[in-house]
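Since the model is a prediction, treat every value here as computed from it, not as a measurement.
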Amino acid sequence: MQYKCPIEARCHHTLFFKNAVAFQVYAVLTRALNSSNKTEPPPYSTVALAGIGTGALQSLILSPVELVKIQLQLQTTGKHQKQTQGPMCMAKKILRTEGLKGIYRGLSITVLRDAPAHGVYFWSYEFAREKLYPGCRKSGQETLATMLFAGGLAGVASWVCCYPLDVIKSRIQAQSASHGEKYQGIVDCLVKSVRDEGYPVLWRGLGTAVARAFIVNGAIFSAYELGLRFMVNNSNQGIMLEETVQNSP
């Protein structure tokens with residue numbers, strides 16, 4: 001019986017982890033960069049800068065995670081072979097054979113991909129929601145449809161700007177020292193990929209990626225915004241209840 005590795009479940013776990021890290025880091029950076037004026041929404045330049053910082057910091061955590069995920073996806077199983085290697089086994093194997101350098105293979109291209117992509121991601125969301133529902137950045141009263149559409153546009157914009165870099169990153173991280181390295185770096189990978197397969201290789205699969213990104217990121221931003229409002233409303237109700245109790249005779 002052939003063993004089937006649950007790659008799809010691992011991809012979902014990676015996605016949840018990635019979003020949790022990104023939104024938390026973004027919130028911290030936005031507050032830090034806009035600490036002088038907390039009554040107004042942060043300017044777009046601050047939003048973009050916080051997004052860039054989020055992408056760069058997130059890469060330090062996610063680069064090894066994505067490397068392991070890609071290596072797991074590339075595992076081949078013969079008809080009579082049983083593949084039992086999981087994420088931890090794969091990570092230990094890479095550390096044992098290639099060391100820390102191996103587990104962080106592709107870090108540079110991951111930073112180059114994620115830093116500008118996250119800047120575009122958060123900036124385009126804030127810009128789109130304000131255009132779709134003027135004044136909502138300050139009032140926080142936009143509709144669910146606005147959240148969904150603005151989040152979807154943000155996901156599409158971030159993928160379009162970073163997709164070629166994602167292709168290069170995946171190819172670099174798909175290598176392993178044990179099987180030989182075809183590419184010697186980012187530029188070498190870019191040149192060889194274009195030479196062998198033409199420029200369209202850098203955009204292969206983009207249509208599917210942006211269609212999925214529109215749906216997924218619309219849902220992500222909506223869940224994030226609604227979650228924040230739920231917590232804020234509960235907090236305000238708690239404060240009002242406390243004040244009522246204190247003021248009662």
Drop me the distance from [X]'s [atom1] to [Y]'s [atom2], to the nearest 0.5 angstrom.
| X | Y | atom1 | atom2 | result |
| --- | --- | --- | --- | --- |
| Thr54 | Gln24 | OG1 | CD | 10.0 Å |
| Tyr104 | Leu95 | OH | CG | 10.0 Å |
| Phe221 | Asn19 | CZ | CG | 9.0 Å |
| Ser139 | Tyr133 | OG | OH | 6.5 Å |
| Cys189 | Lys169 | SG | NZ | 11.5 Å |
| Thr110 | Gln173 | OG1 | CD | 4.5 Å |

Taking every non-hydrogen atom, the tightest pair across [X] and [Y]:
| X | Y | value |
| --- | --- | --- |
| Ser124 | Ala157 | OG-CB, 4.0 Å |
| Ala174 | Ile70 | CA-CG2, 3.9 Å |
| Ser158 | Ala117 | CB-O, 3.5 Å |
| Met147 | Ser222 | CB-OG, 3.4 Å |

Of Glu40, Glu126, Glu130, the residue whose pairing with Arg137 passes side-chain hydrogen bond (donor to acceptor under 3.5 Å, both in side chains):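 Output: one option passes, namely Glu126.
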Under 3.5 Å donor-acceptor, [X] side chain and [Y] backbone:
| X | Y | answer |
| --- | --- | --- |
| Asn34 | Thr30 | no |
| Gln71 | Gln175 | yes |
| Arg171 | Lys182 | no |

Do [X] and [Y] belong to the same hydrophobic cluster, where Ile, Leu, Val, Met, Phe, Trp and Tyr are linked whenever their side-chain heavy atoms lie under 4.5 Å apart, directly or via other members?
| X | Y | result |
| --- | --- | --- |
| Ile215 | Leu148 | no |
| Trp123 | Val28 | no |
| Ile61 | Ile52 | no |
| Tyr125 | Leu228 | yes |
| Ile103 | Leu72 | yes |

What I'd like to find out is whether the side chain of Cys162 reaches to under 4.5 Å of the side chain of Asp114, using heavy atoms alone.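 Not touching, per the 4.5 Å side-chain cut-off.
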Residues Leu33, Leu49; criterion side chain to side chain contact (heavy atoms under 4.5 Å, CB included); working and verdict: CA-CA 9 Å; Leu33 293 171; Leu49 188 59; 4.1 Å; yes
In terms of heavy-atom contacts, does NZ of Lys92 have more than 12 from other residues, nucleotides or ligands at under 6.0 Å?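 No - once you tally the heavy atoms of other residues, nucleotides and ligands closer than 6.0 Å, there are 12 at most.
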Co-members of the apolar cluster containing Val210 [side chain, <4.5 Å]: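 Besides Val210, the hydrophobic cluster comprises Ile109, Leu112, Leu132, Phe149, Leu153, Val156, Trp159, Val160, Tyr163, Leu165, Val167, Ile168, Ile172, Ile186, Leu190, Val194, Tyr199, Val201, Leu202, Trp203, Leu206, Phe214, listed by chain and residue number.
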Tyr224 and Phe23 aromatic ring geometry - parallel, tilted or perpendicular at 30°/60° bounds: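 Rings of Phe23 and Tyr224: tilted, 30 to 60°.
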